[in-house]
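Lettering follows sequence order; numbering is per chain, from 1. Just the heavy atoms: all of them, side chains too, but no hydrogens, waters or symmetry mates, feed the values below.
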Number of protein chains: 2
Amino acid sequence: MQNPLEEKLNNNNIKPTAMRILVLQYLMEKNAAVSLKSLEASFHKADTSTLYRTLKTFEEKKLIHSIDDGTGQMKYALCLETCNCVLADQHYHFHCTVCEETFCLTSQNIPSIELPKGFSMTQANLVLKGVCAHCEVG
Amino acid sequence: MQNPLEEKLNNNNIKPTAMRILVLQYLMEKNAAVSLKSLEASFHKADTSTLYRTLKTFEEKKLIHSIDDGTGQMKYALCLETCNCVLADQHYHFHCTVCEETFCLTSQNIPSIELPKGFSMTQANLVLKGVCAHCEVG
DNA sequence: TACAAATATGCAATATAGTTTCATTTATAA
DNA sequence: TTATAAATGAAACTATATTGCATATTTGTA
């Protein structure tokens, strides 16, 4: 008998410490990708390095994936339940230049891309930029 | 009567100083995107800030475009002649995890991407990762 | 329970890329 | 020639990411 957060961590082979449960909860409540800074801002009591390593552990265990959205701050977002962080699981991300939030566009996978002869692809970092629905004027 | 490099700079409203001509030449000779660090390594006599500002000027004047390939070092590559750095000019980039070079894949434009309702897109940073033809084994 | 080993955390220091300030030099134009 | 504008060089500074090490906590085992 464990709570769903602990269960999720256990399913990913991550020991469910108090800190990790809180960080996971935070990630689940946000519908946008989060940065280390935003975690720091939300968890004053926790140390930066702990939060940093928590994110790294989550990423390593494929609970979250990282997004380099070009803001200079790496963002992290929860993977889908079925995610193995392989090419087939990759999706576009959208960075809103107004609210500065970054979202996963999981409704469509990335299209097949014709690579030059001899090239092989294993990963992708695909970030679209513009204005999100919430920030759109008019 | 001016050399092609100067002409290219002039066409982009960039005053052709000695330094800028050399940097442009360097960019044209490389078939991969270059970083500030690689410029520093190639131009020992020039100051970092000069090279930095040269890149920024080139980018501003749409002579080159920047690529955040996730290595932590911004890369820069020459735009195509016809480029206006608008959405239609965007293309994928490929970062080889072996030789660490980053290339423009200009042979195809990015496909049309279905955005959530209300989202509008103005830019993109699309980086594919894997192994390039030169580094492919076998 | 008690102890040993493994793991997680907190604090501090470090690394690195990017950026800015300001003085000096160089180019441009009246 | 002189005044003005622009480019360059040197140095300092900022921000993010990362690591080392001591302490605390958890876990497994007798």
Minimal heavy-atom distance between B:Ile67 and B:Asn125, with the atoms involved, is CA-OD1, 3.9 Å
Figure out the CD1/C1' separation between A:Ile21 and C:dA8, and round it to whole Å.
14 Å
Which word best sums up how the rings of A:Phe43 and A:Tyr26 line up, parallel for under 30°, tilted for 30 to 60°, or perpendicular for over 60°?
perpendicular
Earlier contact from the 5' end, DNA chain C, for B:Gly72 and A:Ile14:
A:Ile14
Find the distance B:Leu55:CG to D:dT8:C1' and express it as a whole number of Å.
15 Å
According to a strict under-4.0 Å criterion, is B:Tyr52 in side-chain N/O contact with OP1 or OP2 of C:dT19?
yes
Nearest whole angstrom, please: distance from the C1' of C:dT25 to the NZ of B:Lys45.
17 Å
Side chain of B:Ser49 only, please: which of D:dA17, D:dA6, D:dG9 is the nearest?
D:dG9
Euclidean distance, atom NZ of residue B:Lys56 to atom P of C:dA17 [Å, nearest integer]:
15 Å
What's the CD-C1' distance between A:Gln73 and D:dA15, to the nearest Å?
9 Å
Give the intermediate values and the outcome of ring-ring contact (aromatic ring centres under 6.0 Å, His included) for residues A:His93 and A:His91.
CA-CA 7 Å; A:His93 295 97; A:His91 48 260; 4.6 Å; yes
Starting at CZ of B:Arg53 and ending at C1' of D:dA11, how long is that distance when rounded to a whole Å?
12 Å
Nearest whole angstrom, please: distance from the C1' of D:dA7 to the CG of B:Leu22.
15 Å
Taking only side-chain nitrogens and oxygens of A:Thr50, does any of them come within less than 4.0 Å of OP1 or OP2 of C:dA8?
no
Evaluation steps, side chain to side chain contact (heavy atoms under 4.5 Å, CB included), between B:Leu51 and B:Met19:
CA-CA 8 Å; B:Leu51 294 169; B:Met19 193 70 248; 3.9 Å; yes
Within the 4.0 Å heavy-atom criterion, would you say A:Thr17 contacts the bases, only the backbone, or no part of the nucleic acid?
sugar-phosphate
How about B:Ser120 and A:Glu136: does a side-chain donor come under 3.5 Å of a side-chain acceptor?
yes
Spacing of B:Leu51 atom CG relative to D:dA11 atom P, expressed in whole Å:
16 Å
Can you tell me if the side-chain N/O atoms of A:Lys37 get under 4.0 Å from OP1 or OP2 in D:dT16?
yes
What contact category does A:Arg20 fall into here, base, sugar-phosphate, or nothing, at under 4.0 angstrom with non-hydrogen atoms?
sugar-phosphate
